[in-house]
Amino acid sequence: MARTNDEVARLLNELAVLTEIDESSPQAFRVRAYQNAARAVAGLSRDVAQMSASELADVRGLGKSTATKIREYVDTGTIGKLEQLRDKHPVGKRDLLKIPGLGPKGVELLSSELGVTDLDGLKAALADGRIAALPGMGEKTADNLREAVERSGLSSKEQRVPLVDALPIAERIVARLREVPGVVDAAYAGSARRYRDDVGDLDVLVASDDPDPVTEAFVSLPDVARTVGSGGTKTSIATHDGLGVDLRVVPPASFGAALVYFTGSKAHNIRLRQRALKRGWTLNEYALAELVDPPDDADAEAADEPAPAARTGDVVAAATEEDIYAALGLAWVPPELREDDGEVELAETGDLPDLVTREAIRGDLHDHTDLSGDGKDPLEAMVEGAVERGLDYLAITDHAEDLRINGVSKAAMLDQRRQLRDLEQRRGDITLLHGAELNIDIDGSLDYDAEFLATFDWLVASVHSHFRRPVAEQTARVVAAIRHPSVTAIGHLSGRMMGKRPGIELDIEQVLDAAAETGTAIEVNSNLRRKDATAEVIREGVRRGVTFVISTDAHSVRELDLVRHGVHHARRGGLTHERCANTWSTERFLAWRDDVRTAKR
DNA sequence: GCCGTTTTCGGCCCGACTGTTTTCAGTCG
């Protein structure tokens, strides 16, 4: 949480990159140690600036050496070792490392053989044929590098695409590959399945004993701009948007193992494999299986060839994820939690959180009708849609008057309220709350007057403008809305739009503490472009006892289905049923709302 | 650099694909 931690994590990652260049090997154990340390610091709830060297060294993933470096940074503002590596390896080398196809060995080769230490140098060496003449390189390698440099410049290794843009592609590809004869199952995995905010690429997994027609169908998809590589079971393509998609075809009996493997995260997988090794097993994308010791020296000599490092024996588990986790003595870990930030330990002791599920959602508390300008469907249709989806309660929250483009006057609001009460009475199959989405102005003030606001059943207050103001101003603005006696929830907390604009800057501790103190709910907005509040904020809010609601912010009947995204996102933040008010029964929900308002007034 | 139901040294996750190699190194995920 604390800023120092993010800063230190960034420096440790830089140390990892520089060490990778320095030791010319991605395997260099120091590199991984620094990466682990960076993640450990980023995930720490305590502020490293407040911790002693010995306290730091006690943190899992940090040792004496890194603890000393962190103290050095906190005390002096610099890390000697880092400065030294920065001097030794100019920024240009780090840029070279970002080029797809160039790893630490390649970068070192360029530097030592040709004196090439930056992108311009590489371009020149490519142009005059010096690259192709290098030992271990050739014309083909030079061509690939030339293409990589031209196409994506520096960024493609780290260019990430918002989930909202990538997920539809993933779902389309999976649907198409499911139709291929011989395909038993298909799914997307990777960071998309973990529901990260953005993805580096897509991982698609197919279960089939006949890979060739799957590969054929995959490279023939209309999305495919070019095939990056293709072997017997693994194929990589790039879409016209420049998104990379990896396909793996595995035997149906291995589908569970492959799902675990390709869902990741990498760090989570490493923990699982270490666990497997301790039990005398090995875990790969095909199975959790017995580890067979390599033959002893005599046998190896007799065979007159080096012994393989390990061979696998009988399969312990492979078909489903549940089987594999169970064999490893773990509860099945929901994909959204597989980041190695404590979930393995919780799975071991059976203490994984009771994460919110789609089936548990009983109500939707942020919905628009065609009364406000940007809504598409009339009140009756929205209510019918909610009933069809099995909801017990629904809040209609059209934009209030302040949002000039599509806001609603007081009179129109009252008219809608009469319609809503009448509809509720006539139907008798759903509880309807009359609400509004208020605009939080830059000074924290809201639409209408306090007296009128007090007559609503449910009020969502959200930021819609003035995104670039100082953190103190934004925090005061939002906290004022949280403390307003009639406001029951804060909509899309940061106002971010993925791939378009960042959210407002908030002192999140202050905001969450105000929400916890007043009982005002924080919304988890289900729109994938928003995913707002962020997973990190949800996680911290759960820790501080904040109540959340998962809302669709639907502007049409169809958008009521967005709730599945909101649920996945909330799970990433560790949201439990207990802290998610719209999983509660109508009675419990209404009683809670009454309590909050009574306490605030 | 970190870590320990094979504890203070000697390990450290696993495999596919590519391009350069005649059996493998480098890169990637």
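Note on naming: letters A, B, ... go to the chains in the order of the sequence lines (proteins, then strands), and numbering restarts at 1 for each one.
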| Nearest heavy-atom neighbours spanning A/S265 and A/D340 | OG-N, 4.4 Å
| request: Kindly say if A/S236 contacts the phosphate of B/dC17, meaning a side-chain N or O under 4.0 Å from OP1 or OP2. | output: no
| field | For atom CG of A/L145 and atom C1' of B/dT27, their distance in whole Å | value | 11 Å
| said: For the C1' atoms, the ones on B/dT27 and on B/dT20, what distance do you get once it is rounded to whole angstrom? | reply: 13 Å
| Should B/dG29 form a Watson-Crick or G-U wobble pair with both distances under 3.5 Å, which nucleotide is its partner? | B/dC14
| remark: When rounded to whole Å, the NZ to P distance for the pair A/K140 and B/dT27 reads 18 Å
| More than 12 heavy atoms of other groups within 6.0 Å of A/R60 CZ | no
| field | Whole-Å gap separating C1' (B/dT20) and CG (A/L109) | value | 13 Å
| field | Check ion pair A/R86-A/E83 (N to O, under 4.0 angstrom) | value | yes
| message | Does A/P104 reach a base, just sugar-phosphate, or nothing at all? Heavy atoms under 4.0 Å. | response | sugar-phosphate
| query | Want to settle it: does A/T235 or A/N269 sit nearer the 5' end of DNA chain B, counting the closest nucleotide to each? | reply | A/N269
| said: Of the options B/dC17, B/dG1, B/dT20, whose atoms approach the side-chain atoms of A/T233 most closely? | reply: B/dC17
| Rounded distance (Å) that lies between atom P of B/dT18 and atom CG of A/L102 | 18 Å
| task | Have a look at B/dT7 and give me syn or anti from its glycosidic angle (syn if within 90° of zero). | result | syn
| query | Choosing from B/dT20, B/dA16, B/dG29, which nucleotide comes nearest the side chain of A/T141? | reply | B/dT20
| If you measure from the C1' atom in B/dT23 to the same atom in B/dT18, how many Å do you get, rounded? | 15 Å
| task | Decide yes or no for A/V567 and A/V524: does some side-chain heavy atom of the first lie under 4.5 Å from some side-chain heavy atom of the second? | result | no
| said: Measuring only the P atom in each nucleotide, how far is B/dT5 from B/dC12? A whole number of Å is fine. | reply: 16 Å
| field | Distance test, side-chain N/O of A/T282 to OP1/OP2 of B/dC14, below 4.0 Å | value | yes
| query | With a 4.0 Å cut-off on heavy atoms, is A/D246 in touch with a base, just the backbone sugar-phosphate, or nothing at all? | reply | sugar-phosphate
| NA contact type, A/G264, heavy-atom cut-off 4.0 Å: base, sugar-phosphate, or nothing? | nothing
| Rounded to the Å, how far apart are A/L288 CG and B/dC14 P? | 11 Å
| said: Is there a side-chain contact between A/K234 and the phosphate of B/dT18, meaning an N or O under 4.0 Å from OP1 or OP2? | reply: no
| message | Nearest 0.5 angstrom please: A/D210 CG to A/T215 OG1, how far? | response | 9.0 Å
| note | Taking B/dG26, B/dG15, B/dC14 as options, the one with an atom nearest any side-chain atom of A/E285 is B/dG15
| Between A/K266 and B/dG29, is there a side-chain N or O to OP1/OP2 distance below 4.0 Å? | no
| message | What's A/L283 touching, base or sugar-phosphate or nothing? Going by heavy atoms closer than 4.0 Å. | response | sugar-phosphate
| field | A/D143 CG to B/dT18 P, straight-line distance once rounded to whole Å | value | 16 Å
| said: The side chain of A/N144 is closest to which nucleotide in this list: B/dG15, B/dG26, B/dT18? | reply: B/dT18
| task | Quick one: label A/K81 by what it contacts on the DNA or RNA (base, sugar-phosphate, nothing), any heavy atom closer than 4.0 Å. | result | nothing
| Looking only at heavy atoms, which two atoms of A/L12 and A/Y34 are closest? And how far apart? | O-CB, 3.8 Å
| task | Measure from the side-chain heavy atoms of A/N284 and tell me the nearest of B/dC28, B/dG15, B/dT20. | result | B/dG15
| task | For nucleotides B/dT7 and B/dC3, find the distance between their C1' atoms and express it as a whole number of Å. | result | 9 Å
| remark: The contact string for nucleotides 2-12 of chain B, one letter per nucleotide 5' to 3', using protein heavy atoms under 4.0 Å with B, S and - for base, sugar-phosphate only and none, comes out as SS--------B
| said: So A/G190, base contact, sugar-phosphate only, or nothing? Heavy-atom distance under 4.0 Å. | reply: nothing
| request: State whether a side-chain donor-acceptor pair under 3.5 Å links A/H268 with A/E343. | output: yes
| request: Rounded to the nearest angstrom, tell me the gap between atom CD in A/E20 and atom C1' in B/dC28. | output: 11 Å
| request: Evaluate the criterion side-chain hydrogen bond (donor to acceptor under 3.5 Å, both in side chains) for residue pair A/D532 and A/S494; output intermediate values, then yes/no. | output: CA-CA 7 Å; A/D532 194 9; A/S494 80; 3.0 Å; yes
| said: So, applying side-chain contact (heavy atoms from CB on, under 4.5 Å) with A/K531, which one of A/H568, A/R496, A/H565 is it? | reply: A/R496
| Can you tell me if the side-chain N/O atoms of A/Y261 get under 4.0 Å from OP1 or OP2 in B/dA16? | no
| Student check: side-chain heavy atoms of A/I131 and A/L114 closer than 4.5 Å | yes
| message | Work out how far the C1' atom of B/dC14 is from that of B/dT8, and round it to whole angstrom. | response | 28 Å
| A/L12 CG - B/dG1 P separation (whole Å) | 12 Å
| How would you label the contact of A/E139 with the nucleic acid (heavy atoms, under 4.0 Å): base, sugar-phosphate, or nothing? | sugar-phosphate
| message | Taking the P atom in each of B/dG11 and B/dT6, what is the distance between them to the nearest angstrom? | response | 16 Å
